[in-house]
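Order of the sequence lines fixes the chain letters, A, B, ..., with proteins taken first and strands second; residue numbering starts at 1 for each chain.
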Amino acid sequence: MNKLIPLSFLLIALLVGCTSYYRDSQFNKAYGPVTAIDRRVTAIPPGDISFYNDVRPILERRCDVCHSCYDAPCQVKLTSFEGIDRGGSKNMIYDGSRILRATPTRIFIDATSTREWRALEFHPILNERNQTPKANVQNSLISLMLELKKNNPQPISDLLPATFDIGLDKEGACTTTEDFVDYKEKYPLWGMPYALPGLNADEHKVLTDWIEQGSKITARPEPSQKALNIITKWEDYFNKDSLKEQLVSRYIYEHLFMAHIHFKSLDEREFYRMVRSKTPSGEPIIELSTDRPYDDPGPDKFYYRLRPVVSTVVAKNHTVYPIDETTMDKYNELFFETEYQVTSLPGYEIGYASNPFKVFREIPAKSRYKFMLENAKYTIEGFIKGPVCRGQIALNVINDHFFVSFINPDKVTVSDDTAFLDRVSDNLALPTSVESTIRLVTLWYEFNGKQQEYLTAKEKYEQALFPDNKGWDLSYIWDGDGHKNNNALLTVFRHFDSASVVKGFVGENPKTGWVIDYPMLERIHYLLVAGFNIFGNVGHQLQTRLYMDYLRIEGENNLLKFLPQNKRIAIRSDWYQDTKDEYQKEFEMGLHGMKLETNVTFSTDDPKIEFFSMINKHVGIPIKEHISLGGCPDGQCSDTTSNPFERRADKAFWKIAQLRGKQVQLIPDVAFVHVDTGNDKTDLIYTVIRNKALSNNSFLFDEERRRVIEDDTLTVVKGYIGSYPNSFVKVDINGVDDFADELVKLRDKIGYFNLASKYVARRTSPNFWIESDWHNQKFLKEDPVEAGIFDLYRYHRVSEIFEMKFKW
Amino acid sequence: MTMAIAGCAQKKWVWDSHRRPPESMREDTKSFLQKLVIEGIPYIFPKLEITRPVNGAIFPPKIAATQIIWKDKGSGSNGWFIAFTFSNGRAPIYAYSSKSSYEPNRNLWETIKANSVKGTATISIYGFKSHEGKKVITAASSLKISTSTDQVDGAILYRQVPLPFKVEVKTFRKLKWRLGDISSYDEPPVILENLNTCANCHQGSKDGSLISMELNYKGDSGAQFVAKVSENIFLTDKDFMTWTDLPKSVVLPKTRGLFARLSPSGKYLASTVNEISYSAVTNSDKYSQLFFPTYGVLACYSAETKKIKLIPGADSLDYVQTNPAWSPDEKTITFARSETMNSYHEDVFKIKTNFENKNIHELNEQFPIQYDLYTVPFNEGNGGQPKPLKGGSSNGKSNYFPRYSPDGKWIVFTQSKTGIMLQPDSELFIVPAKGGAPRKMNCNRASFNSWHSFSPNGKWMIFSSKTNSKYTEIFLTHIDEDGTDSPPVLLSRFSSKEYAANLPEFLNIRPDAIKNIHVNNHN
C-alpha cells in the first residue's frame, strides 16, 4: 500500500506534465512557438492605439488599483509597460512560510529584458507567439481575462458571489494563456477586473485593440531640459570624491533609496528615485540590483543617480521626499559646515553595513538626526508604506492610533552624542545584520540582551546629565525648529493590515504615544526600511517583527519619561493589559532605564492627556489637513469655510465621530465618504477610520483574543487618510443628517447591509468605478504631490462582515 | 382583613336546592343559617376572598352560569352559606356549599341575571364552623354583579396549546381550535386539530363570510388561508396564499409572515414580512417562551391581484414594524414599531429558538425591547406618513397589539415594560383611535392581559389572562359608549387544566357556523 502512494503521485505528475506538454504543442501548432517580442516602435500609425495616451489611463483607473507594487496579484504589475511585458508569476513575494530567501524580482532592477524575466519564471500576458491580430488577442492573458469578464459580467446583485476569494493570498488565481481553458471553466466569474465591475465598452475596446495591434510601445517621454538640469546638479552633488562627500552621499542614499523624490520646481507629478548605477550622470542608468541599499555594490565604481519614476504612482508606496532650492544648503549645513573628519570609507560587509551607528559613526549624530527629522513624516512613512508594512501580523506590533513626537535635536541627549552612540553601537545592532535565518529564539534572546544593555547605558548617561534626578522637561520635545517644520508631530493609524501616517496630532487622544530620539528613529529606518528584505525568509521577517516590539516599547517609554514617575506603572499597565508580569520583565524591559523623574509639571490627574496637550501647544504649528471632527465642538470646526454644505456635513460627521466601543464594530477600518452637493466643486470628502483597541501588542498571533471592543474609537477627518479604502460611501448633502443618524443607530449586520445598500459603492454596484474615479481625482486635486491611486485590494465585500462575530 | 356584615339579609328566604337542598342539612346547621339570615350578623369577621366572579362584573344576558369560587383557608370554615340579594327588591336567594365553590343551576342563574339587569345582584358568602357545640361565623365577603342587555354577538374562535410549549410536531398535533358559544354549558367544540405543523393567528372578515389563519401548509411556513365560512371547510391549495412569495433581500431569512390580519372587507391581508424574530424557551411553565420580532416591515396582500407589496410608511428598514391592525373603514393601519434589535441575536444569520435557562423576568432584563404604536394611512396599499399614536407611544413602555373597536372610536392595546407577547406585567389600555389620553382598563387581571378581540357589535371584548393559573384563560368584558369597561367575566368553559386558551378571536358568525376545518394534505 505504502508503495502505491508515491506511485500515484508520480502518475499524477506525469499526467499533469503530459497535459501541459500537449497544450503547449497545440498552441505551438496553432500560433507558433513562444519567442520574446520586441514591441518598441518609433511611432504609432495614425488611428492605432497609443499606450501612453489611450491604454495607460485605463490601466491606472481599472487595473493598477490592484496590480501594483509587491502584492500585485501573480506579480502582474500593470503600472508600466515593462510590467506588462514582464508578465506574471505563480510565485508569491509575500510568503510568510518561506524557509529560504527568494530570488528578487523587482521590476527595472532584477531583470531588464523579456528573456531575463522568462528565465525568472515569469510567463507572458501578451502574445509572444506569431504576431497576427487574431493570435495577439487569443494568446494574451490580458485580453482573455477581459473577455471572460465581458462574457460573465460582474453580477449586479445584493452580494458578491461566494465564489470570489478576495483574500490577500488567494490561491488558484495565477494562470497562463495555455492553461486559461481550465481557469475559465473553473472560475467563470474571475475575469478582470477581478471581483469588481468590468470595463465599459469603450475601455474594453481600447485595451483589446491595442493588444490586437501588437501591444506596441513608443519611447517614453524624456524629462524636460529643466528637469535634466536639476538632476545633473544633484547627481553631481551626490557623486563627489572626498571621503566625507562619499560617506554623506551613502548616508543620504540609504535613507532616500525608496523615496519618490519630488523637486518642487518641477511638475507636481514628476518623481525620481535615488539609485546606484553602473553608469555616471548623462548616461542611461543601469541600476545595481542589490537586495538592500547597504548591500555590497561590487568592486566597480558606481554612481548615485536620479531615475524617473515611470510607473503609475499608487498611494500605497508613494513616499514623497520633497527637495527645493534650500535643500542643498541644508545638506551642506548639516554635513559639510560642521566640523568632523572622515578618515576612511566604511565597507559593505554583512553584519556591519546594516548598523548605521558603525558605518556612519564619523558623521555627527546631530547632523544625521536633523537630516531624518527634516522630513520626519517621510522617515516614518518609510516603514508605514514600505514593503514591511503588509499583513496583519506585521502590523499588529503597533496600536491602531498613536501620536508621535521627537526628542529635540538641539538638546544634550544621546541623540546628540556621537561618541556615546559609537560606544554603544554594538548594542544598537539590528537583527537585519543576520541574513535569512531560522534561529529565532536564540536571536531573540541575543537582541533582547543588547537592547537591555543599551537602555542601561542610556540611563547612566542621562543620570549623569541630570544629577538632581529631574530629567526631561517640555523643551526636550522638538518644536519643529521654532514652530516652522510641521513634521514635528505625527499621527499613525493602523488599519488592520495596512497603516497611514499624517502630520499633526489627529483625532482624539490615543491610548499611547511615542517620543522618538535619534537612535530609535535610525533603527526604525534600518530595521524596517533599509534592512527589510521582502525576499528574505520567514526568520528574517519574524525577527524584524519581534525587534520592532523593542522599538515600540522604547518610544512609549520615552513618552512615559516625561510623565510623573509615580504614574508610569499604572499608565503602562493600562497599555499592556493581560500580559504576565514576568513576561514584561524578562522580554519587554517594562520600565527599564527610567529612574529619572520628569521635569514637567502637571496639574491634572491625567498626565498623559495633559502632556499631549502640552506638546501640541509647545509645537504650535497648525495643520490644515485632516481636521478631526471629534475636536470640533458640536461639529463647528474653527477652520470650516463659509460653505454651508461643509458646515452642515461637519455637524453630521461630528455625530459620527462621537461613536465609541461597541457602536463602531460594524464600521470598516477605512471609509472614504463623498458628500455630493450637486456640484463637483463643492463636493466634500471625509475619511472615517475605525481604531481598534487591543489589550496589548505583545504577541504576534491571536489578535482577536486581545481585542477590547469597548475601547474602540472612530477618527473622522476632512480629507483623505489611508491608501487602502475599505469602502467608498456616497451621501447626498440633503441626506447627510439621515446618514449620520442611521450610522449612529447601526447595531447589526443586516442594518449594515441595508446601510451599505443605500450608501456604499459595492463591488457589485454599477456605479462602483464612477465613485472610484471620483476619489482618485479628488485626491489628486486635494494633494497634487502626495496623491496616488488608491488600492482596492482590501476593498470590502459586504458579506465579509456577516462572518464576523460582534458583541452587543 | 375583616369586614362587617350586619342586617343585610331579608326575613324571607328561599333555598337554592340545586346541589345542597336544606333537607339534607343537619337541623342545627339549618337553624343556624335561618337565624343568621333573620337576625342579621352584627359582628366583625375575617374577610374571605371571592375569586370568581369579580366585583362589578357585567354579564351578558345569554351567558351560561358562572361558577362562584372563594378562598377561605385560614378561618377553619367547614361550610359556606351563599346569599344572592337584589337591588330591585326581589327576595333574596340563599344557598349552602360544603366546599369553596358554587355554581347556580340554570334556573337560578337565569333568575339572578333577570334580576340584575336594572340593578345589581349582591353575592354574599359566609363561612362557618362548629365551636363548642354551636355554629359560628368564621369569615364573610360579598360582591356585586350585574347583567347587561347588550348581546354578545358572534362566536369565539380560540386555540388550545399544551404547556410548556415546544416547537415540535408532537406539540403541534395537540393544538386544537375551538369555536365557543358563551351561552353553552358545554366545552366549546373542536373545529380544527391534529395538525402536523404550526398554525397561528386567525380572524374573520367583518361580515363573517371569510375566515383566515396562518397555517404552515405543505411545508410552507409562510402560508395563510382565506376561506369562505361554511359548516365544513375543506382547505386546498386554492385557499392559500404565501408570504414567502414576497421577494426579499439575500441577507434575510425566508419570510413567513407574522401577526397577519385580514382586512375588515376581506380584500387584503396585512402582515409583518422580512421578519426576524427572537425566540427562546424559558425554564418556567407559566411563561415558557419569549418571542418578539427584531426586524420586519409591513406588507399587504391583495386578494384581487394576488400580489404582495410593502406598505410605504411601515416599510422602514431602520425599524421593526409589526402587529398590524385595520381600522374598520380599512383606511388606516395601526402597528407596533421599535428600532431594529437584530443585535439581540448571537448570529442574525442563524436564527434559531434558544433554550434559555432563565425565567421571563431575567430574559426581559436581557432583551428590553419596547414598541410604540404608530398609524399609517393604508391608502389602497400606497401607505403614507407614519405617525406615533398619542397615548400609545413614547411612554417608556412597550405598546403593542392594537385592536380597533368596530365603530372605529377606540383602540385597545397591550402595554408592558418590555416585549410584545406573553408578558407577566402586560395590561390593556384603551385610547381614542385618533390618539389621546390612554386609560388603563378595569378588566385587567393580576397577571398577563392581552390577545383581545371586540365582539362584532363592539359591546364586548374578550382577552386572555394568566391570573388564575399558568394555563391562559379567556375573559369577557363589557365596553360602554364611553369606552369604559367592566371588571371581566371568566369564560370558564373555555378553560382547561391541560391547555392554555390563547388567541381568542370573535368571528361574526353563529357558534355552529363552522363544524370542521379540514386541511387537505397539509403535511
Would one find more than 12 heavy atoms of other residues, nucleotides or ligands at under 6.0 Å from atom CZ of B:Arg256?
no

* Would you mind reporting whether B:Thr340 and A:Ile750 have side-chain heavy atoms less than 4.5 Å apart? => no

Q) Does a sphere of radius 6.0 Å around CD in A:Glu710 hold more than 12 heavy atoms from other residues, nucleotides or ligands, not counting ones at 6.0 Å or beyond? A) yes

* Under 3.5 Å, is there a donor-acceptor pair between the B:Tyr295 and A:Asn754 side chains? -> yes

* **A:Asp748 vs B:His345 side-chain heavy atoms within contact, under 4.5 Å** => no

Legend entry - Enclosure of A:Lys655 NZ (heavy-atom neighbours >12, cutoff 6.0 Å): yes

Next on the checklist: Tell me whether A:Lys745 at atom NZ has more than 12 heavy atoms from other residues, nucleotides or ligands lying less than 6.0 Å away.
Outcome noted: yes

Minimum side-chain heavy-atom gap B:Tyr344-A:Arg747 below 4.5 Å: no

So CG of B:Asn342 and OH of A:Tyr752: to nearest 0.5 Å the spacing works out to 16.0 Å

Counting heavy-atom pairs under 4.5 Å with chain A, the top scorer among B:Met341, B:Glu346, B:Glu339 is B:Glu339

Above 12 or not: heavy atoms from other molecules or residues under 6.0 Å from NZ of B:Lys286?
yes

Rounded to the nearest 0.5 Å, the CD atom of A:Gln665 sits from the OG atom of B:Ser343 at a distance of 9.5 Å

Are more than 12 heavy atoms, taken from residues, nucleotides or ligands other than B:Glu365, located less than 6.0 Å from that residue's CD atom?
no

